[in-house]
2 protein chains.
Amino acid sequence: MKNNNDILSRAEENYLKEIFHLSGKEKDKVSTNALAERLDTKASSITDMLQKLKAKKLVAYQKYKGCSLTGSGEKVALHIIRKHRLWETFLVNKLSFGWDEVHAVAEELEHIRSKKLIDSIDQFLGFPKFDPHGDPIPDKDGNINYQESKIKLSDTSVKSIVEVVSVNEDSLALLKYLDEIGLRLGSEIEIYSRVPYDESIQVSIDCGDSISLSKKVTENIGVRFKSKMTNK
Amino acid sequence: MKNNNDILSRAEENYLKEIFHLSGKEKDKVSTNALAERLDTKASSITDMLQKLKAKKLVAYQKYKGCSLTGSGEKVALHIIRKHRLWETFLVNKLSFGWDEVHAVAEELEHIRSKKLIDSIDQFLGFPKFDPHGDPIPDKDGNINYQESKIKLSDTSVKSIVEVVSVNEDSLALLKYLDEIGLRLGSEIEIYSRVPYDESIQVSIDCGDSISLSKKVTENIGVRFKSKMTNK
DNA sequence: ATTTATTTTTAGGCTTGTCTAAATATTTAA
DNA sequence: TTAAATATTTAGACAAGCCTAAAAATAAAT
Ligand SMILES: [Mn+2]
Ligand SMILES: [Mn+2]
Ligand SMILES: [Mn+2]
Ligand SMILES: [Mn+2]
């Protein structure tokens, strides 16, 4: 069942995780350049590694055609993501880290190899379903709960009221900015108007003052529809 | 103050830590072969690395003369040891790991690079002074509290009563055996007699049944003298 | 349908950390 | 104090993971 070569290196784990993310819910093929950019390496390095991962049957790959995860590759990716998100949750919930301070550390912690450790952390945290950025945490069998009703704040229509359910964790600057303006998971956002030219929107956060959010911000915030504004 | 090349690799950190341990309280010079055995590598690999660490001014080293840590090398070693022991304490105190289950995981966790993380763990644990094996935990400035009165159980005299203050964490089998016979940190041991031939001793643990402990066991247990047995 | 631009792969090289085999120092024993 | 044993270092090699430069494939634009 488990042969000795499923002891994967940190680099291999990072590649698998990133292929999973770029592949998305639709399981699209992932291009060499896309991976190179996300992993901050050169395209030639990606090609090298894809050949190795293919030999280990963790990715499906054909020259010039992009790659995708195999069943076992996806299983590994989900386990790394589980560890990443549980550690982030631990840092925020137990050690009072800010949501902008956890990603870098979790990038290291996600590679710690101990089934017992991560399952204990899971239990210690009370089996959380979402991480501090609103991303779903895979369970120990790799089951993951996408929030079906989630849409981008940039895709909402004027006069609707929505609830923030996730934020893109990739940009430290974004997370700090959201902290500043008081936008967090669970915040209620009323969309007053949209400027067609730059697609910025005018909103209020948790019934606060009206504020403008740029497209660059709104496309990185996941929300769930709550209701239409009542005009009174 | 800090140049960019004090980002040390995992291997370098492990070498420094092991030199610290082998060097001991007396700061003895450490031989190439001793290091090779502990680090489970070949002597030639040790020589290579010592040359690199010397170039980085982390160890003092002269061909054929052994090595020792410099001031900054010792500082690094103490920081790794601090992390190792704090993580072990976390696993035992917060996640209910056994004292025999923590060392392997801590070998990985000790390399996580985040000042904030380890200081938060320290606080979360209430600034513990000793790890689950009774070893002192260096504070954030690298100060370490050796227990001056500690001696090996193998060096105690018959009819004395001692308290267990530490156990050698290196052998999984030893830790499991000690669990079995109910010997833990804080246990009171009465030494009844010693067999000169094999240096085994007859003892009772926490007033339990009399039991024989071999030299191999007793030389791996640290104790503190409490009193002489009263004959009644 | 060519030409041009972009993407991807190959070829060859570098560093880190390891190895084996051979050479050299040091220590121990005769 | 010389010879044998042991400890250590050097020489040369290798895998992993990355790089640059050049070649090849694919996609886009005339
Ligand atoms: Mn993250
Ligand atoms: Mn996250
Ligand atoms: Mn340990
Ligand atoms: Mn310990």
Side-chain angles (χ1 to χ4, degrees), chain A residues 3-19 22-23 28-69 73 76-77 80 107-108 110-111 113, chain B residues 3-19 22-23 28-69 73 76-77 80 107-108 110-111 113:
Chain A
N3 40 14
N4 194 15
N5 63 0
D6 48 18
I7 295 166
L8 299 179
S9 70
R10 178 174 297 221
E12 289 171 319
E13 291 186 343
N14 283 333
Y15 274 74
L16 294 174
K17 183 182 60 157
E18 211 49 57
I19 295 169
L22 288 171
S23 189
D28 298 324
K29 288 239 175 111
V30 176
S31 80
T32 299
N33 269 1
L35 266 174
E37 181 172 1
R38 292 284 307 178
L39 290 170
D40 203 30
T41 58
K42 297 303 157 88
S44 55
S45 305
I46 303 290
T47 302
D48 282 353
M49 183 61 96
L50 288 180
Q51 286 163 351
K52 287 176 203 164
L53 293 175
K54 182 185 182 179
K56 293 189 179 188
K57 298 190 197 302
L58 294 165
V59 307
Y61 166 66
Q62 287 184 97
K63 272 189 180 193
Y64 297 102
K65 302 293 180 187
C67 69
S68 59
L69 294 177
V76 173
I80 305 299
E107 284 296 313
E108 294 190 50
E110 71 189 2
H111 300 289
R113 268 174 248 282
Chain B
N3 40 14
N4 195 14
N5 63 1
D6 47 18
I7 295 166
L8 299 178
S9 70
R10 178 174 296 223
E12 289 171 321
E13 291 185 344
N14 282 332
Y15 274 75
L16 293 174
K17 183 182 61 156
E18 211 49 57
I19 294 169
L22 287 172
S23 189
D28 298 323
K29 288 242 177 107
V30 177
S31 78
T32 299
N33 269 1
L35 267 174
E37 179 170 3
R38 291 283 307 176
L39 290 171
D40 203 29
T41 58
K42 297 303 158 86
S44 56
S45 306
I46 303 290
T47 303
D48 282 352
M49 183 60 97
L50 289 181
Q51 286 163 351
K52 288 175 202 163
L53 292 175
K54 181 185 182 179
K56 294 189 178 187
K57 299 189 196 303
L58 294 165
V59 308
Y61 166 65
Q62 288 185 96
K63 272 190 182 193
Y64 297 104
K65 303 292 180 189
C67 69
S68 58
L69 295 176
V76 173
I80 305 299
E107 283 296 313
E108 294 190 48
E110 71 189 1
H111 300 289
R113 267 174 249 282

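Fair warning: this is a prediction, and the values are worked out from it, not measured in the lab. So you know, we letter chains A, B, ... as the sequences are listed, proteins then strands, and number each from 1.
The side-chain heavy atoms of A/S45 and A/Y15, taken from C-beta on, include a pair separated by under 4.5 Å.
Comparing A/K65 and B/G66 by the nucleotide of DNA chain D whose heavy atom lies nearest to each, the residue mapping closer to the 5' end is B/G66. Of the residues near DNA chain D, B/V30 and A/A43, the one whose nearest nucleotide (by heavy atom distance) lies more toward the 5' end is B/V30.
OP1 or OP2 of C/dT8 has at least one side-chain nitrogen or oxygen of A/N33 nearer than 4.0 Å. Contact annotation: A/Q51 side-chain N/O to C/dT10 OP1/OP2 distance is under 4.0 Å.
Taking CG from A/L53 and CD1 from A/I46, the interatomic distance works out to 10.0 Å, rounded to the nearest 0.5 Å. Distance check, rounded to the nearest 0.5 Å: SG of B/C67 to CE of B/M49 gives 12.0 Å.
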Item to complete: I would like to know whether B/T32 and B/S44 meet side-chain contact (heavy atoms from CB on, under 4.5 Å); could you show each step before the answer?
Response: CA-CA 9 Å; B/T32 299; B/S44 56; over 6 Å; no
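Of all nucleotides in DNA chain D, those with any atom nearer than 4.0 Å to a heavy atom of chain B start and finish, going 5' to 3', at D/dA7 to D/dT10.
By the 4.0 Å N-to-carboxylate-O rule, B/R113 lies close enough to B/E13 to be salt-bridged with it. Salt bridge status for A/K17 with A/E107: present, with a side-chain N to carboxylate O gap under 4.0 Å.
Under the 3.5 Å distance criterion, the side-chain polar atoms of B/E12 are matched with a main-chain donor or acceptor of B/S9.
Summarising the geometry of B/A36 relative to B/A43, their closest heavy-atom pair is CB-N, 3.9 Å, with the distance given to 0.1 Å.
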Protein and nucleotides 13-18 of chain C: nitrogen or oxygen contacts under 3.5 angstrom:
residue: C/dG17; atom: OP1; partner: B/S9; partner atom: OG; Å: 2.4
residue: C/dT18; atom: OP2; partner: B/Y15; partner atom: OH; Å: 3.3
residue: C/dT18; atom: O4; partner: B/D48; partner atom: OD2; Å: 3.3

